[in-house]
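Written out below as structure tokens is the structure these notes cover.
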Amino acid sequence: MNIIGLVDCNNFYASCERVFRPDWESWPVAVLSNNDGCVIARSNEAKELVEMGAPTFKIPPAARRELILVSSNYALYGDMSRRVTTTLREFTPDVEIYSIDESFLGFDGFPLDQLEDHCQRLRYVVRRNTGIPVSVGLSTSRTLAKVANKLAKKIAAYEGVCLLQPDSEITRQILEDLPVTDLWGVSGRLGQRLSQMGIVTAWQLREADPKRIRARFSVVQERLVYELRGIDCIDTDDLAEPKKNIMTSRSFGRLTSDPHEVRAAIRAHAARGAEKLRKQGSVARAIQVHLKTNKHREDLAQYHPALVVQLPHPSNDTRVIVGAAQAALQCLWRDGYRYMKAGVMMLDLVDRETLQHDIFDSPESDAERERSAKASAVMDELNRKMGRGTVRLGGTKGKADWKLKAELLTKRYTTRWDELPIVSLK
DNA sequence: TGGGAGTTT
DNA sequence: AAACTCC
């Protein structure tokens, strides 16, 4: 029987922040989203004071006084994530990174009776190497490993490691007590449709007829039934596949009606999108540009336009992408609205190498295409070495004031020499 | 009152 | 294009 482990970092962003501020240990720490907009991570202590997703400006003063609030520090979290993953590879070669704070581990052929001890050791070593606390869920499918992971976090007796045997009586009881909406991939609307069929608990879904589920829903939900029975049927290759679309979007941090400001933002997002394309080795056949007003401001006129532009030839050239994005914006732009957010998506991506060039109708010569690829490569390399935005196309800078709001930023302790933590010994 | 990616309707 | 799902 092949066991899959899910390692999930506890309160990841809040835990990262605490590693370098030991004086915050056992204090309520909450991390804010981009733009300091809402709460996206909480230490256990903070969970009693503030809801997940709570808008920052709605946090009651009493809670605010107790909370340690910080802006998101992705340079720190990304580096800490890498450290955790590196340590996980000491415990199995089969590590599948699922998100910044979660990895699936394959333990094929590992003796079952030693697995829990092995994972206890894993928790200890990750904590020692990185300062990050993790929980481990173990079972024979990813879905059950997720369930096991939740139990490992919730029930102290497991001490952070929970193994669920798919056919045990304990698993049956757990699934009978588990609302179907607590499962991975089942949320509000799907949950409602399931409850109309009389399926309210995870156990009821496990016992449902897969064919019937497939007919009413889709193959994804059918797989979920098998996953609950402990049969691993989530295609892991999906996780490694190149992205099919790439989005870059951001709030302005405040409302704006200035066309120059919006144009600069769109150009910057388009340039960033082109960079992401090149990093993945893809070209886009189309791009989409969208604008949004603030939908929470019911007193203001609303306008949420989006436009897809087919590119004449698939491209990842910054100039081509930026040009197309600007043309799209031209069509979308309406004076008089107060815009909150703008974004650019790279669509219909294909691998650059496997792309069949349209030999009959190419306005660009091969030499020209090669020149542009070289210029882009140099630009990417400089930006990688010297920091994002070192080299860019004219006009993508914009006015400095649409930058992200991050007033409570902690230091990039692990990725910047000038922000290293300093320890004094007396 | 987040951003990024994906799927479904 | 919008709605929904995940993290």
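The chains referred to below are lettered A, B, ... by the order of the sequence lines, with proteins before strands, and numbering in each begins at 1.
The one candidate from M247(A), H290(A), H269(A) that meets the side chain to side chain contact (heavy atoms under 4.5 Å, CB included) condition with V344(A) is H269(A). When each of T318(A), N316(A), D317(A) is tested with R278(A) by the rule side chain to side chain donor-acceptor pair (under 3.5 Å), just one qualifies, namely T318(A).
Looking at heavy-atom distances under 4.0 Å, K341(A) makes contact with sugar-phosphate atoms alone, never a base. At the heavy-atom level, M345(A) lies nowhere under 4.0 Å from the strands shown. When heavy atoms are screened at a 4.0 angstrom cut-off, D36(A) is found touching no nucleic acid atom at all. Using a 4.0 Å heavy-atom distance criterion, L190(A) is classed as a sugar-phosphate-only contact.
Of the side-chain N and O atoms in R297(A), none sit less than 4.0 angstrom from OP1 or OP2 of dT1(B). Within the 4.0 Å cut-off from OP1 or OP2 of dG4(B), at least one side-chain nitrogen or oxygen of S249(A) is found. Residue S33(A) places no side-chain N or O under 4.0 Å from the OP1 or OP2 atom of dT1(B). Using a 4.0 Å cut-off, no side-chain N or O of K292(A) falls inside it from OP1 or OP2 of dG2(B).
Between Y74(A) and M247(A), the residue anchored nearer the 5' end of DNA chain B, judged by the nucleotide with its closest heavy atom, is Y74(A). Residue-to-nucleotide proximity on DNA chain B shows that, of G53(A) and T248(A), the 5′-proximal contact is made by G53(A).
No more than 12 heavy-atom neighbours from other residues, nucleotides or ligands sit within 6.0 angstrom of CD on E51(A). No more than 12 heavy atoms of other residues, nucleotides or ligands lie within 6.0 Å of NZ in K244(A), so this atom counts as exposed by the packing criterion.
Following rounding to the nearest Å, R250(A) (CZ) and dA5(B) (P) show an atom-to-atom distance of 10 Å. Across the protein-nucleic acid pair, H269(A) atom NE2 and dG3(B) atom C1' stand 11 Å apart, rounded to whole Å. Atom-to-atom, CG of D8(A) to P of dC7(C) comes out at 9 Å; the value is rounded to the nearest Å. Spacing between atom CZ of R142(A) and atom C1' of dC7(C) amounts to 17 Å, rounded to whole angstrom units. Distance Y339(A) OH to dT1(B) P: 17 Å, rounded to the nearest Å. Atom P of nucleotide dA5(B) and atom NE2 of H290(A) are separated by 11 Å, given to the nearest angstrom. Between E102(A) atom CD and dG4(B) atom C1' there is a gap of 15 Å when expressed in whole angstrom units. We find that CD1 of I100(A) is positioned 14 Å from C1' of dA5(B), with the value rounded to whole Å.
Side-chain proximity of I40(A) to dT1(B), dG2(B), dC7(C): nearest is dG2(B). When distances are taken from the side chain of F57(A) to each of dC7(C), dA5(B), dT1(B), the shortest belongs to dT1(B). Checking dT1(B), dG3(B), dC6(C) against the side-chain heavy atoms of W184(A) singles out dC6(C) as nearest.
Under the ring pair (Phe, Tyr, Trp, His ring centres under 6.0 Å) criterion, W333(A) pairs with Y339(A), not counting sequence neighbours.
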Under 3.5 Å, N/O pairs linking protein and nucleotides 6-9 of chain B:
residue, atom, partner, partner atom, Å
dG6(B), OP1, K244(A), N, 3.0
dG6(B), OP2, K244(A), N, 3.4
dG6(B), OP2, N245(A), N, 2.9
dG6(B), OP2, N245(A), O, 2.8
dG6(B), OP2, N245(A), OD1, 2.8

- Message: The test is side chain to side chain contact (heavy atoms under 4.5 Å, CB included); show your working for D182(A) and K150(A) and say whether it passes.
- Response: CA-CA 10 Å; D182(A) 282 8; K150(A) 273 193 192 172; 3.8 Å; yes
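Comparing the same atom, C1', in dC6(C) and in dG2(B) gives a spacing of 14 Å after rounding to whole Å.
Classified by interplanar angle (parallel below 30°, tilted 30° to 60°, perpendicular above 60°), the ring pair F104(A)/W184(A) is tilted.
Inspection of the S135(A) and N10(A) side chains reveals an N or O donor paired with an N or O acceptor under 3.5 Å.
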